[in-house]
Amino acid sequence: MMTCHYFRTNLQPGNADAAMLEHLRHCDACLDFAMSVDPDLFFRSLGGEELIPPGGIDAFVGDVMSQVRVYDAEASLAPRHAVSAWQRWAIAATVAAGVTGATLAYRYEHPVQAQAPAHLVAAVRPRPTTTATKSFVETYSSHDATIVEMPNDGSDTKVVMIFDDKLPADL
Amino acid sequence: MIPTKESVELDDRQLVEQIRRGDDGAFEMLVRRKTSKVYGLCYRVIGNGEDAKDISQLVFLKLWENLEKYDAMYAFDTWLYRMVTNVAIDFMRSKQSRDNAVNSNLRLVKTSIDPEQTVTVARKEVESVFNAVSNVLSPKQKTIFVMSEMEDLRSSEIAKVLGCRESTVRNHLFNARKLMQAQLRKRFPEYARLWEESR
(Lines give C-alpha, C1' and ligand atoms only; values in the text may rest on other atoms or scores of the structure.)
Protein backbone atom coordinates (compact mmCIF):
# COMPACT_ATOMS: atom_id res chain seq x y z
CA MET A 1 0.00 0.00 0.00
CA MET A 2 1.41 3.37 -1.03
CA THR A 3 1.89 5.92 1.72
CA CYS A 4 0.67 9.51 1.52
CA HIS A 5 4.24 10.70 1.79
CA TYR A 6 5.32 8.60 -1.18
CA PHE A 7 2.30 9.77 -3.18
CA ARG A 8 2.95 13.46 -2.52
CA THR A 9 6.65 13.17 -3.22
CA ASN A 10 6.26 11.30 -6.51
CA LEU A 11 3.13 12.82 -8.04
CA GLN A 12 3.96 14.64 -11.27
CA PRO A 13 1.49 16.57 -13.44
CA GLY A 14 0.14 14.38 -16.24
CA ASN A 15 1.95 11.34 -14.93
CA ALA A 16 -0.33 9.41 -12.63
CA ASP A 17 0.20 5.68 -13.07
CA ALA A 18 -2.24 3.01 -11.93
CA ALA A 19 -0.74 2.73 -8.43
CA MET A 20 -0.85 6.50 -7.92
CA LEU A 21 -4.45 6.62 -9.09
CA GLU A 22 -5.30 3.75 -6.79
CA HIS A 23 -3.99 5.73 -3.83
CA LEU A 24 -5.73 8.91 -4.97
CA ARG A 25 -9.04 7.08 -5.22
CA HIS A 26 -8.86 5.84 -1.66
CA CYS A 27 -7.25 8.74 0.20
CA ASP A 28 -9.29 11.86 0.84
CA ALA A 29 -6.32 13.60 2.43
CA CYS A 30 -4.32 13.46 -0.80
CA LEU A 31 -7.12 14.58 -3.10
CA ASP A 32 -6.65 18.30 -2.36
CA PHE A 33 -2.94 17.97 -2.83
CA ALA A 34 -3.35 16.02 -6.07
CA MET A 35 -5.61 18.66 -7.49
CA SER A 36 -3.12 21.38 -6.74
CA VAL A 37 -0.49 19.44 -8.67
CA ASP A 38 -2.64 18.30 -11.60
CA PRO A 39 -6.23 19.57 -11.85
CA ASP A 40 -7.04 16.85 -14.35
CA LEU A 41 -6.91 14.42 -11.43
CA PHE A 42 -10.05 16.02 -9.99
CA PHE A 43 -12.46 13.77 -11.81
CA ARG A 44 -10.02 10.87 -12.07
CA SER A 45 -10.54 10.30 -8.37
CA LEU A 46 -14.01 9.00 -9.24
CA GLY A 47 -12.80 5.99 -11.13
CA GLY A 48 -11.40 2.67 -10.09
CA GLU A 49 -14.14 1.80 -7.65
CA GLU A 50 -16.16 -1.36 -8.26
CA LEU A 51 -19.75 -0.27 -8.48
CA ILE A 52 -22.63 -2.54 -7.60
CA PRO A 53 -26.14 -2.07 -8.99
CA PRO A 54 -28.93 -1.20 -6.53
CA GLY A 55 -30.27 -4.39 -4.99
CA GLY A 56 -26.96 -6.23 -5.27
CA ILE A 57 -25.30 -8.43 -7.87
CA ASP A 58 -27.38 -11.56 -7.17
CA ALA A 59 -30.66 -9.75 -7.77
CA PHE A 60 -29.24 -8.10 -10.86
CA VAL A 61 -28.05 -11.39 -12.35
CA GLY A 62 -31.39 -12.99 -11.50
CA ASP A 63 -33.24 -10.22 -13.35
CA VAL A 64 -31.01 -10.58 -16.38
CA MET A 65 -31.46 -14.35 -16.52
CA SER A 66 -35.24 -14.09 -16.24
CA GLN A 67 -35.27 -11.53 -19.06
CA VAL A 68 -33.16 -13.89 -21.14
CA ARG A 69 -35.66 -16.72 -20.52
CA VAL A 70 -38.54 -14.47 -21.59
CA TYR A 71 -36.59 -13.50 -24.71
CA ASP A 72 -35.93 -17.17 -25.54
CA ALA A 73 -39.58 -18.07 -24.99
CA GLU A 74 -40.69 -15.27 -27.32
CA ALA A 75 -38.13 -16.30 -29.91
CA SER A 76 -39.34 -19.90 -29.83
CA LEU A 77 -42.94 -18.74 -30.42
CA ALA A 78 -41.97 -16.67 -33.44
CA PRO A 79 -42.40 -18.33 -36.88
CA ARG A 80 -39.40 -20.49 -37.71
CA HIS A 81 -39.17 -19.40 -41.33
CA ALA A 82 -39.53 -15.72 -41.07
CA VAL A 83 -40.41 -14.14 -44.40
CA SER A 84 -37.93 -11.50 -45.49
CA ALA A 85 -38.99 -8.01 -46.59
CA TRP A 86 -38.28 -8.82 -50.26
CA GLN A 87 -40.33 -11.98 -50.08
CA ARG A 88 -43.18 -10.02 -48.54
CA TRP A 89 -43.04 -7.49 -51.38
CA ALA A 90 -42.98 -10.27 -53.97
CA ILE A 91 -46.04 -11.94 -52.41
CA ALA A 92 -47.90 -8.62 -52.27
CA ALA A 93 -47.07 -7.87 -55.92
CA THR A 94 -48.25 -11.33 -57.03
CA VAL A 95 -51.55 -10.99 -55.18
CA ALA A 96 -52.10 -7.48 -56.60
CA ALA A 97 -51.36 -8.67 -60.16
CA GLY A 98 -53.76 -11.62 -59.73
CA VAL A 99 -56.60 -9.45 -58.46
CA THR A 100 -56.09 -6.88 -61.24
CA GLY A 101 -56.00 -9.61 -63.92
CA ALA A 102 -59.16 -11.27 -62.61
CA THR A 103 -60.98 -7.92 -62.52
CA LEU A 104 -59.98 -7.07 -66.08
CA ALA A 105 -61.03 -10.52 -67.34
CA TYR A 106 -64.41 -10.23 -65.59
CA ARG A 107 -65.04 -6.78 -67.04
CA TYR A 108 -64.09 -7.99 -70.49
CA GLU A 109 -66.65 -10.80 -70.27
CA HIS A 110 -69.37 -8.77 -68.53
CA PRO A 111 -69.15 -5.22 -69.81
CA VAL A 112 -71.00 -2.86 -67.52
CA GLN A 113 -72.37 0.46 -68.64
CA ALA A 114 -71.44 3.09 -66.25
CA GLN A 115 -74.36 4.82 -64.55
CA ALA A 116 -73.84 8.49 -65.21
CA PRO A 117 -75.79 11.17 -63.35
CA ALA A 118 -79.19 11.99 -64.79
CA HIS A 119 -78.32 15.53 -65.97
CA LEU A 120 -75.28 14.18 -67.85
CA VAL A 121 -77.30 11.43 -69.45
CA ALA A 122 -79.81 14.00 -70.61
CA ALA A 123 -77.07 16.20 -72.05
CA VAL A 124 -75.42 13.37 -73.90
CA ARG A 125 -78.58 11.62 -75.18
CA PRO A 126 -79.14 12.39 -78.91
CA ARG A 127 -82.11 14.60 -79.51
CA PRO A 128 -84.88 13.13 -81.68
CA THR A 129 -84.30 14.16 -85.27
CA THR A 130 -87.19 15.37 -87.42
CA THR A 131 -87.50 13.23 -90.48
CA ALA A 132 -88.30 15.07 -93.72
CA THR A 133 -89.95 13.31 -96.58
CA LYS A 134 -87.85 13.62 -99.60
CA SER A 135 -89.37 14.30 -102.98
CA PHE A 136 -90.65 11.23 -104.64
CA VAL A 137 -89.51 10.77 -108.24
CA GLU A 138 -91.97 8.98 -110.48
CA THR A 139 -90.59 9.85 -113.84
CA TYR A 140 -87.14 10.89 -114.86
CA SER A 141 -85.72 11.99 -118.18
CA SER A 142 -82.13 12.99 -118.82
CA HIS A 143 -79.52 12.54 -121.54
CA ASP A 144 -76.57 12.36 -119.15
CA ALA A 145 -77.99 9.87 -116.66
CA THR A 146 -77.14 6.24 -116.42
CA ILE A 147 -80.13 4.19 -115.40
CA VAL A 148 -79.66 0.74 -113.99
CA GLU A 149 -82.71 -1.43 -113.53
CA MET A 150 -82.36 -4.28 -111.08
CA PRO A 151 -83.57 -7.62 -112.33
CA ASN A 152 -87.13 -8.32 -111.18
CA ASP A 153 -87.66 -11.41 -109.00
CA GLY A 154 -91.34 -11.60 -109.89
CA SER A 155 -92.72 -9.19 -107.29
CA ASP A 156 -94.36 -5.81 -107.93
CA THR A 157 -91.38 -3.88 -106.57
CA LYS A 158 -89.01 -2.57 -109.15
CA VAL A 159 -85.60 -1.18 -108.19
CA VAL A 160 -84.08 1.34 -110.48
CA MET A 161 -80.78 3.17 -109.83
CA ILE A 162 -80.11 6.49 -111.55
CA PHE A 163 -76.53 7.90 -111.73
CA ASP A 164 -76.57 11.55 -112.80
CA ASP A 165 -74.17 14.34 -111.76
CA LYS A 166 -76.78 16.99 -112.43
CA LEU A 167 -79.29 15.68 -109.93
CA PRO A 168 -79.75 17.83 -106.75
CA ALA A 169 -77.69 16.61 -103.71
CA ASP A 170 -80.70 16.12 -101.44
CA LEU A 171 -82.60 13.87 -103.76
CA MET B 1 -27.34 -25.52 -15.33
CA ILE B 2 -25.25 -24.95 -12.17
CA PRO B 3 -21.87 -23.37 -12.92
CA THR B 4 -19.08 -25.81 -12.19
CA LYS B 5 -15.66 -25.03 -10.73
CA GLU B 6 -14.26 -25.66 -14.20
CA SER B 7 -16.35 -22.89 -15.77
CA VAL B 8 -15.24 -20.45 -13.06
CA GLU B 9 -11.70 -20.72 -14.33
CA LEU B 10 -12.60 -20.23 -17.97
CA ASP B 11 -11.64 -16.97 -19.64
CA ASP B 12 -14.19 -14.78 -21.43
CA ARG B 13 -13.71 -16.37 -24.85
CA GLN B 14 -14.08 -19.88 -23.45
CA LEU B 15 -17.21 -18.86 -21.61
CA VAL B 16 -18.66 -17.52 -24.86
CA GLU B 17 -17.90 -20.86 -26.52
CA GLN B 18 -19.73 -22.66 -23.70
CA ILE B 19 -22.73 -20.36 -24.10
CA ARG B 20 -22.81 -20.99 -27.82
CA ARG B 21 -23.03 -24.69 -27.05
CA GLY B 22 -26.17 -23.98 -25.02
CA ASP B 23 -24.74 -23.64 -21.50
CA ASP B 24 -26.98 -21.09 -19.75
CA GLY B 25 -24.88 -21.41 -16.60
CA ALA B 26 -21.89 -20.07 -18.50
CA PHE B 27 -23.91 -17.01 -19.47
CA GLU B 28 -24.90 -16.47 -15.86
CA MET B 29 -21.23 -16.68 -14.96
CA LEU B 30 -20.34 -14.13 -17.61
CA VAL B 31 -23.04 -11.72 -16.41
CA ARG B 32 -21.83 -12.06 -12.83
CA ARG B 33 -18.25 -11.44 -13.91
CA LYS B 34 -19.01 -8.35 -15.99
CA THR B 35 -21.78 -6.73 -13.94
CA SER B 36 -19.68 -4.21 -12.03
CA LYS B 37 -17.73 -3.26 -15.15
CA VAL B 38 -20.88 -2.72 -17.22
CA TYR B 39 -22.86 -1.10 -14.43
CA GLY B 40 -19.90 1.10 -13.43
CA LEU B 41 -19.49 2.49 -16.94
CA CYS B 42 -23.25 3.00 -17.34
CA TYR B 43 -23.48 4.71 -13.96
CA ARG B 44 -20.61 7.09 -14.66
CA VAL B 45 -21.95 7.98 -18.08
CA ILE B 46 -25.61 8.25 -17.09
CA GLY B 47 -25.18 9.47 -13.52
CA ASN B 48 -28.28 7.76 -12.13
CA GLY B 49 -28.29 4.40 -10.38
CA GLU B 50 -31.72 3.15 -11.48
CA ASP B 51 -31.27 4.19 -15.11
CA ALA B 52 -27.78 2.69 -15.12
CA LYS B 53 -29.20 -0.59 -13.80
CA ASP B 54 -31.87 -0.70 -16.53
CA ILE B 55 -29.35 0.11 -19.23
CA SER B 56 -26.95 -2.52 -17.91
CA GLN B 57 -29.69 -5.16 -18.07
CA LEU B 58 -30.49 -4.09 -21.60
CA VAL B 59 -26.81 -4.47 -22.47
CA PHE B 60 -26.73 -8.05 -21.19
CA LEU B 61 -29.91 -8.88 -23.07
CA LYS B 62 -28.34 -7.51 -26.26
CA LEU B 63 -25.24 -9.51 -25.46
CA TRP B 64 -27.31 -12.70 -25.29
CA GLU B 65 -29.09 -11.79 -28.50
CA ASN B 66 -25.90 -11.05 -30.43
CA LEU B 67 -23.45 -13.50 -28.96
CA GLU B 68 -23.30 -15.40 -32.25
CA LYS B 69 -21.82 -12.30 -33.88
CA TYR B 70 -18.88 -12.08 -31.49
CA ASP B 71 -15.59 -12.74 -33.24
CA ALA B 72 -13.12 -14.38 -30.88
CA MET B 73 -10.26 -12.70 -32.78
CA TYR B 74 -11.03 -9.55 -30.80
CA ALA B 75 -10.92 -8.89 -27.06
CA PHE B 76 -14.26 -9.66 -25.46
CA ASP B 77 -14.14 -6.55 -23.26
CA THR B 78 -13.71 -4.28 -26.29
CA TRP B 79 -16.82 -5.83 -27.87
CA LEU B 80 -18.73 -5.55 -24.59
CA TYR B 81 -17.67 -1.93 -24.06
CA ARG B 82 -18.81 -1.10 -27.59
CA MET B 83 -22.24 -2.49 -26.77
CA VAL B 84 -22.37 -0.57 -23.49
CA THR B 85 -21.34 2.72 -25.07
CA ASN B 86 -23.83 2.35 -27.93
CA VAL B 87 -26.75 1.67 -25.61
CA ALA B 88 -25.68 4.35 -23.10
CA ILE B 89 -25.13 6.99 -25.79
CA ASP B 90 -28.56 6.26 -27.32
CA PHE B 91 -30.14 6.58 -23.88
CA MET B 92 -28.29 9.84 -23.17
CA ARG B 93 -29.34 11.33 -26.48
CA SER B 94 -32.99 10.64 -25.83
CA LYS B 95 -32.72 11.93 -22.27
CA GLN B 96 -30.61 15.03 -22.87
CA SER B 97 -33.30 17.20 -24.38
CA ARG B 98 -35.69 16.49 -21.49
CA ASP B 99 -33.07 17.48 -18.92
CA ASN B 100 -32.06 20.83 -20.38
CA ALA B 101 -34.73 22.82 -18.56
CA VAL B 102 -33.87 21.24 -15.20
CA ASN B 103 -30.15 21.96 -15.60
CA SER B 104 -30.66 25.68 -16.13
CA ASN B 105 -32.42 25.85 -12.75
CA LEU B 106 -29.60 23.96 -11.04
CA ARG B 107 -27.11 26.46 -12.41
CA LEU B 108 -28.89 29.33 -10.71
CA VAL B 109 -28.71 27.58 -7.37
CA LYS B 110 -25.05 26.62 -7.53
CA THR B 111 -23.64 29.97 -8.69
CA SER B 112 -24.78 31.55 -5.42
CA ILE B 113 -21.76 30.02 -3.61
CA ASP B 114 -19.10 32.52 -2.57
CA PRO B 115 -16.11 32.11 -4.89
CA GLU B 116 -13.70 33.23 -2.17
CA GLN B 117 -14.86 30.55 0.19
CA THR B 118 -12.10 28.14 1.19
CA VAL B 119 -12.93 24.61 0.21
CA THR B 120 -11.50 21.23 0.78
CA VAL B 121 -12.27 18.79 -1.95
CA ALA B 122 -14.33 15.97 -0.58
CA ARG B 123 -14.60 12.85 -2.66
CA LYS B 124 -18.34 12.51 -2.15
CA GLU B 125 -18.78 16.00 -3.60
CA VAL B 126 -16.69 15.30 -6.66
CA GLU B 127 -19.32 12.92 -7.96
CA SER B 128 -22.13 15.43 -7.70
CA VAL B 129 -19.93 18.14 -9.22
CA PHE B 130 -19.09 15.80 -12.09
CA ASN B 131 -22.75 14.94 -12.68
CA ALA B 132 -23.63 18.62 -12.74
CA VAL B 133 -20.88 19.91 -15.01
CA SER B 134 -20.70 16.94 -17.38
CA ASN B 135 -24.18 17.67 -18.67
CA VAL B 136 -22.67 20.15 -21.10
CA LEU B 137 -20.85 17.33 -22.86
CA SER B 138 -22.35 15.46 -25.77
CA PRO B 139 -23.15 11.81 -24.99
CA LYS B 140 -20.11 10.73 -26.99
CA GLN B 141 -17.77 13.23 -25.31
CA LYS B 142 -18.98 12.16 -21.89
CA THR B 143 -18.55 8.49 -22.70
CA ILE B 144 -15.00 9.09 -23.91
CA PHE B 145 -14.20 11.23 -20.88
CA VAL B 146 -15.49 8.55 -18.51
CA MET B 147 -13.63 5.74 -20.27
CA SER B 148 -10.40 7.73 -20.26
CA GLU B 149 -10.49 9.38 -16.84
CA MET B 150 -12.42 6.90 -14.72
CA GLU B 151 -12.11 3.57 -16.44
CA ASP B 152 -8.45 4.30 -17.24
CA LEU B 153 -8.68 3.12 -20.83
CA ARG B 154 -6.00 4.31 -23.24
CA SER B 155 -6.94 6.37 -26.29
CA SER B 156 -6.12 3.43 -28.56
CA GLU B 157 -8.48 1.17 -26.58
CA ILE B 158 -11.27 3.77 -26.65
CA ALA B 159 -10.78 4.13 -30.41
CA LYS B 160 -11.26 0.37 -30.80
CA VAL B 161 -14.38 0.41 -28.66
CA LEU B 162 -15.96 3.28 -30.57
CA GLY B 163 -14.65 2.21 -33.97
CA CYS B 164 -12.98 5.56 -34.67
CA ARG B 165 -9.46 6.95 -34.97
CA GLU B 166 -7.26 7.63 -31.98
CA SER B 167 -6.94 11.28 -33.01
CA THR B 168 -10.74 11.59 -32.88
CA VAL B 169 -10.71 10.27 -29.32
CA ARG B 170 -8.00 12.76 -28.32
CA ASN B 171 -9.96 15.63 -29.90
CA HIS B 172 -13.11 14.66 -28.04
CA LEU B 173 -11.14 14.39 -24.83
CA PHE B 174 -9.51 17.79 -25.30
CA ASN B 175 -12.86 19.45 -26.01
CA ALA B 176 -14.52 17.65 -23.11
CA ARG B 177 -11.89 18.88 -20.64
CA LYS B 178 -12.21 22.43 -21.97
CA LEU B 179 -15.99 22.41 -21.64
CA MET B 180 -15.84 20.90 -18.16
CA GLN B 181 -13.38 23.55 -16.98
CA ALA B 182 -15.61 26.32 -18.30
CA GLN B 183 -18.62 24.80 -16.56
CA LEU B 184 -16.72 24.33 -13.34
CA ARG B 185 -15.69 28.00 -13.42
CA LYS B 186 -19.27 29.06 -14.03
CA ARG B 187 -21.12 26.80 -11.63
CA PHE B 188 -18.60 25.81 -8.99
CA PRO B 189 -16.18 28.75 -8.74
CA GLU B 190 -14.85 27.48 -5.41
CA TYR B 191 -13.44 24.38 -7.13
CA ALA B 192 -12.41 26.24 -10.25
CA ARG B 193 -10.29 28.57 -8.10
CA LEU B 194 -8.36 25.59 -6.78
CA TRP B 195 -7.93 24.39 -10.30
CA GLU B 196 -6.73 27.74 -11.63
CA GLU B 197 -4.33 28.32 -8.75
CA SER B 198 -2.48 25.18 -9.66
CA ARG B 199 -2.09 26.21 -13.33
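Below, each value reflects all heavy atoms present in this structure, side chains not excepted, and no hydrogens, waters or symmetry copies. Just so we're on the same page: letters track the sequence lines, and every chain starts at 1.
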request  = Please flag which part of A:L41 lies under 4.5 Å from any non-hydrogen atom of chain B: side chain, backbone, both or neither.
outcome  = neither
SB check B:R154 B:E166 (cutoff 4.0 Å) = no
ask   = So does B:K62 pair up with B:E65, basic N to acidic O under 4.0 Å?
value = no
query = Measuring heavy-atom distances to chain A, does B:S148 have an atom under 4.5 Å in its side chain, in its backbone, in both, or in neither?
reply = backbone
query = Given a strict heavy-atom distance threshold of 4.5 Å, which part of B:R44 is in contact with chain A: side chain, backbone, both, or neither?
reply = side chain
message = Salt bridge or not between A:R25 and B:D152? Use side-chain N to carboxylate O under 4.0 Å.
response = yes
ask   = Hey, what do you get for CG (B:L179) to NE2 (B:H172), rounding to the nearest 0.5 Å?
value = 11.5 Å
request  = Measure distances from B:V133 to the heavy atoms of chain A and classify the residue's part below 4.5 Å as side chain, backbone, both or neither.
outcome  = side chain
inquiry  = On a heavy-atom basis, which atom in B:A132 and which in B:R187 lie closest, and how many Å separate them?
reply    = O-NH1, 2.8 Å
query = Does any heavy atom of chain A fall under 4.5 Å from the side chain of B:E151, the backbone, both, or neither of them?
reply = neither
Part of B:F130 lying under 4.5 Å from any heavy atom of chain A = both
ask   = At a heavy-atom separation under 4.5 Å, does A:Y71 approach chain B through its side chain, its backbone, both, or neither?
value = side chain
query = Would you call A:E50 and B:K37 a salt bridge, using N to O less than 4.0 angstrom?
reply = no
